[in-house]
S.K.: 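Handing you a structure now.
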Amino acid sequence: MDRIVKDVGDIQTRLIDHRPITQGEIRYFVREFEEKRGFRESRLLENVNKMVVESNDQVLPKCSQCMQEHLCDVLTRLEAANHMAQRIQQRELEAHQMQLSMEKLKHDWEQFLKDQQHLKEEVDEEHAKAVGRLSTQYSEMKKDLSKLSPF
């Protein structure tokens, strides 16, 4: 009877306890997943390697050749643009200096006109004084002349 109980226990354990089967399935799934992932990653790495080799063999020499061909032209254009920028900057500097000199000349002219106006006023004042002195002198001379001549 012990033996029957033991056999029934073993059968019951196999029928009800699915842990070993589940663990086997899990191991199988993980192994398949890792193999597929490894294949996919190796394919991706191979594709990347092909692209790098192609770039090194074809694209890089073409780019280098194109760069060598056009570098001289670019340098010439850059020098021309630099020269034009320097000329523009020089013209702007000259225009600014001319504007400053024009402002100085305008200020000097205004000062000259003020000085001339001041001198004119002084001359007019001296002229008025001279006219006044001459008028008084002639009037005195006229009085003296009228006293001397009884005619």
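Sequence positions, counted from 1, serve as the residue numbers for this chain. Treat the numbers as computed from the prediction; the structure is a model and nothing was measured.
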S.K.: Can you tell me if E122 and H118 form a side-chain donor-acceptor pair at under 3.5 Å?
M.R.: yes
S.K.: Out of Q99, H107, K106, which one pairs with E103 under the side-chain contact (heavy atoms from CB on, under 4.5 Å) rule?
M.R.: Q99
S.K.: Would you say M141 ends up clustered with L134 if hydrophobic residues are merged whenever their side chains have heavy atoms under 4.5 Å apart, either directly or through other cluster members?
M.R.: yes
S.K.: Suppose we screen for salt bridge (charged side-chain N to carboxylate O under 4.0 Å, His left out). Which residues come up paired with D144, at least two apart in sequence or across chains?
M.R.: none
S.K.: According to side chain to side chain contact (heavy atoms under 4.5 Å, CB included), who are the partners of E126, at least two apart in sequence or on a separate chain?
M.R.: none
S.K.: Is the number of heavy atoms from other residues, nucleotides or ligands within 6.0 Å of CD (E110) greater than 12?
M.R.: yes
S.K.: Quick check: do L71 and L75 have side-chain heavy atoms less than 4.5 Å from each other?
M.R.: no
S.K.: Using 0.5 Å steps for rounding, measure from the SG atom of C63 to the CD atom of Q68.
M.R.: 12.0 Å
S.K.: How would you list, by chain and number, every residue that makes a side chain to side chain contact (heavy atoms under 4.5 Å, CB included) with V52, sequence neighbours excluded?
M.R.: V48, N56
S.K.: For M98, I'd like to know if atom CE has over 12 heavy atoms of other residues, nucleotides or ligands within 6.0 Å.
M.R.: no
S.K.: Take E125 and K129 through the test salt bridge (charged side-chain N to carboxylate O under 4.0 Å, His left out) and record every step on the way to the result.
M.R.: CA-CA 6 Å; E125 187 178 311; K129 287 180 185 178; 3.6 Å; yes
S.K.: Are Q116 and L119 packed together at the side-chain level, in the sense that at least one heavy-atom pair is separated by less than 4.5 angstrom?
M.R.: yes
S.K.: Working to the nearest 0.5 Å, report the span between NZ of K120 and CG of D124.
M.R.: 5.0 Å
S.K.: I need the minimum non-hydrogen distance between S55 and P61, along with the two atoms involved.
M.R.: O-CD, 4.3 Å
